[in-house]
Amino acid sequence: MSIIAILITYIFISNFILVQFLGMCPFIGVSKNSESALGMGMAVTFVTSIASVVTWAVYTLLLAPFGLEYLRTVAFILVIAALVQVVELVIRKISPPLYKALGIYLPLITTNCAVLGIAIINIDQDYGCLQSFFAGLAAGLGFTLAIVLMSNIREKLDLAPVRKSFKGVPIAFISACLMALAFMAFDKSLLTNLHLV
Amino acid sequence: MANKKELTKGLFKENPTFVLLLGLCPTLGVTTMVSNAIGMGFSVLFVLTLSNIMISLLRNVIPDDVRIPSYIVIISSFVTIIEMLLHAFVPSLYTALGVYLPLIVVNCIILGRAEAFANKNTVGDSAYDGIGMGLGFTIALLLIALIREVLGSGTITLFPLGEWSGVIHIPLIEANPIRVITLAPGALLVMGCIIAFNNYRDNKKASNAKRENK
């Protein structure tokens, strides 16, 4: 697959939140206001892009040559946990403003399904190094898109009259359902129509 | 009996999915078919119980500073075991669960129980807690999958047994299923409605209690 096709696939066609449900916990938990949603989205994008490349390298250079493919789950989660720590340290050192914006979200990302998910999807799809990077980037961007849209909806919902039982999380799920319906408009035929496959 | 309380609290009162809203990714991702929900539920039950036992056994050995990485290693080892078992004995289920199977590692329920329960309690209590929470998760998945599969394709898919193909057909709905319920938006819709129903029941209980106090 070309890089543009990968970008379109992971941002729209199989959007991580609205189609594959990876990273639902922060999607519901951190989407109450748009500022923190954007921060979370950027932090996730940052980590998925780097983690895709690093896990690809670990798999192809360390695990595959020694026939240790079955250890990928253990290896990936450790690599991701270590990576998040390193990213946190580096950002704190070189860019304090960025750290201020992303800092509180970074520790949460280790247990975000989206990061381990993209690492495993990259391996399952046999992506190369560059393709993995762009898949990670696109997955993060898709996550950011969904969570920012969601936070804007929820800010408006706070002012809307909602039945007591549906207030808060339930109505958020229903809104996400409508967004997912809209995202169903993007499907695999889009790639064919754009002559990318 | 204390053990019984550990076992039953996960089923309803502290149900990990509906009340604590943990582990949402697999809940929404695999509930298109009842058989997938059962497979996922029991995989989580297996991992949760064994990792709870293991962590509880090692709770005095693991230093506090590195406890989270140690838990993750223990959990991911058990996930690898269940992955290999399913791959070897139930390959169809292994393919159907796909990426959600290795993602059990980052299921918040398991790490949450390790941190909140297993590292403070005895082995027996932790095992009961793991079984209870795992069953609660399985029941939640089963409920969502039943609603989605019955409305969305008019069938109930269980596991094939001998002559029987394992699929129960529901006559009227099968001809005119509401297809969208099995697709991505349906999962979110069903989940939202179930949580709203839960809230409705809680509100009613609270207002009844208030009336009685007056």
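Chain A is the first sequence line, chain B the second, and so forth, proteins listed ahead of strands; every chain is numbered from 1. On a predicted model such as this, the values are computed, not experimentally measured, just so you know.
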Audit row: A:Met24, B:Leu188, side chain to side chain contact (heavy atoms under 4.5 Å, CB included) steps and yes/no: CA-CA 10 Å; A:Met24 271 323 270; B:Leu188 296 161; 3.6 Å; yes
Tell me, for A:Leu78 versus chain B, whether the close heavy atoms (under 4.5 Å) come from the side chain, the backbone, both or neither. side chain
Contact origin within B:Leu111 toward chain A - heavy atom pairs under 4.5 Å: side chain
State, to 0.1 Å, how close A:Gly117 and B:Val99 come at their nearest heavy-atom pair, and which atoms those are. O-CG2, 4.1 Å
When the 4.5 angstrom heavy-atom criterion is applied to A:Val74 and chain B, the contacting part is both
Please give me the minimum heavy-atom distance between B:Ala196 and A:Phe166, naming the atom from each residue. CB-CE2, 3.5 Å
Counting only heavy atoms not in B:Phe159, do more than 12 fall under 6.0 Å of its CZ? yes
Show the nearest heavy-atom pair for residues B:Pro102 and A:Ile120, with the distance to one decimal. CB-CD1, 3.4 Å
Rounded to the nearest 0.5 angstrom, the CZ-SG distance for A:Phe27 and B:Cys25 is 11.5 Å
Short donor-acceptor separations (under 3.5 Å), chain B to chain A:
unit_1, atom_1, unit_2, atom_2, d
B:Glu83, OE1, A:Thr73, OG1, 2.9
B:Tyr100, OH, A:Gln20, O, 2.4
B:Asn199, ND2, A:Ser165, O, 3.1

Between B:Val180 and chain A, with a heavy-atom cut-off of 4.5 Å, which part of the residue counts as in contact: side chain, backbone, both or neither? side chain
How would you list, by chain and number, every residue that makes a side chain to side chain contact (heavy atoms under 4.5 Å, CB included) with B:Cys108, sequence neighbours excluded? A:Cys25, B:Leu22
Distance (rounded to the nearest 0.5 Å) between B:Leu189 CG and A:Leu178 CG: 8.0 Å
Option that, when pairs with chain A are counted at under 4.5 Å, heavy atom only, ranks first among B:Ala184, B:Gly192, B:Pro185: B:Pro185
Contact between B:Cys193 and A:Ile174 at the side-chain level, heavy atoms closer than 4.5 Å - yes or no? yes
With a 4.5 angstrom heavy-atom cut-off, is it the side chain or the backbone of A:Met184 that approaches chain B, or both, or neither? side chain
Residue among A:Ala82, A:Gly23, A:Cys113, A:Gly29 with most heavy-atom pairs under 4.5 Å to chain B: A:Cys113
First locate atom CG of B:Leu28, then atom CG of A:Leu22, and finally report the distance between them rounded to the nearest 0.5 Å. 10.5 Å
Check whether B:Ile68 gets within reach of chain A through its side chain, its backbone, both or neither, counting any heavy atom under 4.5 Å. neither
Hey, what do you get for CD1 (A:Ile80) to CD1 (B:Ile72), rounding to the nearest 0.5 Å? 9.5 Å
For chain A, find which of B:Leu103, B:Leu24, B:Val73 contributes the most heavy-atom pairs closer than 4.5 angstrom. B:Leu103
More than 12 heavy atoms of other groups within 6.0 Å of B:Phe42 CZ: no
If you take all heavy atoms of B:Ala187 and A:Phe21, which pair is closest and at what distance? CB-CZ, 3.7 Å
